[in-house]
Amino acid sequence: MGFYFTVHLILGALAGSSGSIMSKISSHPSQYPKWMWSPWATYGTALSGLCALAAIPTTFVEWGFLWTLATIGELALGAALIVVLPLSVRFLLVGIGPIISVVIIGALWGFWRI
């Protein structure tokens with residue numbers, strides 16, 4: 001179950017980082033790089049969030065209700081732990097987050113192995 005804990009923690013961190021940065025970007029635009037205003041960041045944030053949310057029904061179908069509650073906790077823990085990272089690392093996570101999220105959710109759905 002270590003694999004599932006790790007990937008859910010990563011999915012939560014990616015979604016949390018993207019969500020927190022994109023929600024604050026309009027109030028402090030000078031603190032963020034210019035590429036954060038691009039469609040990549042906007043659509044990437046949505047994709048990271050959707051992949052994190054897709055992990056919940058995926059876990060429910062495969063493992064049941066109790067493991068789904070654990071998944072929700074792991075996603076929340078990942079989103080909460082993101083605040084200890086420096087802002088530059090969080091920018092990097094927003095940039096590469098959509099690719100990592102798709103790879104992880106594809107592995108959870110059985111399309112490939114990681």
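The analysis underlying the following values was restricted to heavy atoms, covering all of them including side chains, and did not include hydrogens, waters or symmetry mates.
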Taking all non-hydrogen atoms of both residues into account, name the closest pair between [X] and [Y] and its distance.
{"X": "Trp37", "Y": "Pro29", "result": "CZ2-CB, 3.4 Å"}
{"X": "Leu11", "Y": "Ala52", "result": "O-CB, 4.0 Å"}
{"X": "Pro98", "Y": "Gly44", "result": "CG-CA, 3.3 Å"}
{"X": "Pro57", "Y": "Ala54", "result": "CD-O, 3.4 Å"}
{"X": "Phe5", "Y": "Leu77", "result": "CZ-CD2, 4.2 Å"}
{"X": "Met22", "Y": "Met36", "result": "CE-O, 3.7 Å"}

From [X] [atom1] over to [Y] [atom2], what is the distance, rounded to the nearest 0.5 angstrom?
{"X": "Gln31", "Y": "Leu87", "atom1": "CD", "atom2": "CG", "value": "7.5 Å"}
{"X": "Leu108", "Y": "Phe3", "atom1": "CG", "atom2": "CZ", "value": "5.5 Å"}
{"X": "Ile10", "Y": "Leu81", "atom1": "CD1", "atom2": "CG", "value": "12.0 Å"}
{"X": "Thr42", "Y": "Leu47", "atom1": "OG1", "atom2": "CG", "value": "12.5 Å"}
{"X": "Leu66", "Y": "Leu69", "atom1": "CG", "atom2": "CG", "value": "6.0 Å"}

> Do Thr58 and Trp109 have a side chain donor and acceptor closer than 3.5 Å?
Replying inline: yes
>> Could you tell me if Ser20 and Arg90 have a donor-acceptor pair between their side chains, going purely by distance under 3.5 Å?
In response: yes
Linking I/L/V/M/F/W/Y whenever their side-chain heavy atoms sit closer than 4.5 Å, directly or via other members, would [X] and [Y] fall into one cluster?
{"X": "Leu9", "Y": "Val7", "result": "no"}
{"X": "Tyr4", "Y": "Phe111", "result": "yes"}
{"X": "Leu85", "Y": "Ile96", "result": "yes"}
{"X": "Ile21", "Y": "Ile99", "result": "yes"}

>> Does Val103 form a side-chain contact (heavy atoms from CB on, under 4.5 Å) with Trp112? I'd like the steps, not just the answer.
In response: CA-CA 8 Å; Val103 168; Trp112 48 74; 4.0 Å; yes
>> Please determine whether side-chain contact (heavy atoms from CB on, under 4.5 Å) holds for the pair Leu75 and Ile56, giving the CA-CA distance in whole Å, both sets of side-chain angles, and the decisive distance to 0.1 Å.
In response: CA-CA 9 Å; Leu75 291 171; Ile56 296 170; 3.8 Å; yes
> Is there a donor-acceptor contact under 3.5 Å from the side chain of Ser17 to the main chain of Ala13?
Replying inline: no
> Any donor and acceptor pair, going by atom type alone, linking the side chain of Trp63 with main-chain N or O of Thr68 inside 3.5 Å?
Replying inline: no
> Counting only heavy atoms not in Trp35, do more than 12 fall under 6.0 Å of its CH2?
Replying inline: yes
>> Would you say that more than 12 heavy atoms from the other residues, nucleotides or ligands in this model lie under 6.0 Å from the CH2 of Trp67, or not?
In response: no
> Do the non-hydrogen side-chain atoms of Thr59 and His8 ever get within less than 4.5 Å of each other?
Replying inline: yes
>> In the structure I gave you, are the side-chain heavy atoms of Ser101 and Ile105 within less than 4.5 Å of one another anywhere?
In response: no
> Does the side-chain contact (heavy atoms from CB on, under 4.5 Å) test come out yes or no for Ile82 and Leu14, once each step is laid out?
Replying inline: CA-CA 8 Å; Ile82 204 68; Leu14 293 173; over 6 Å; no
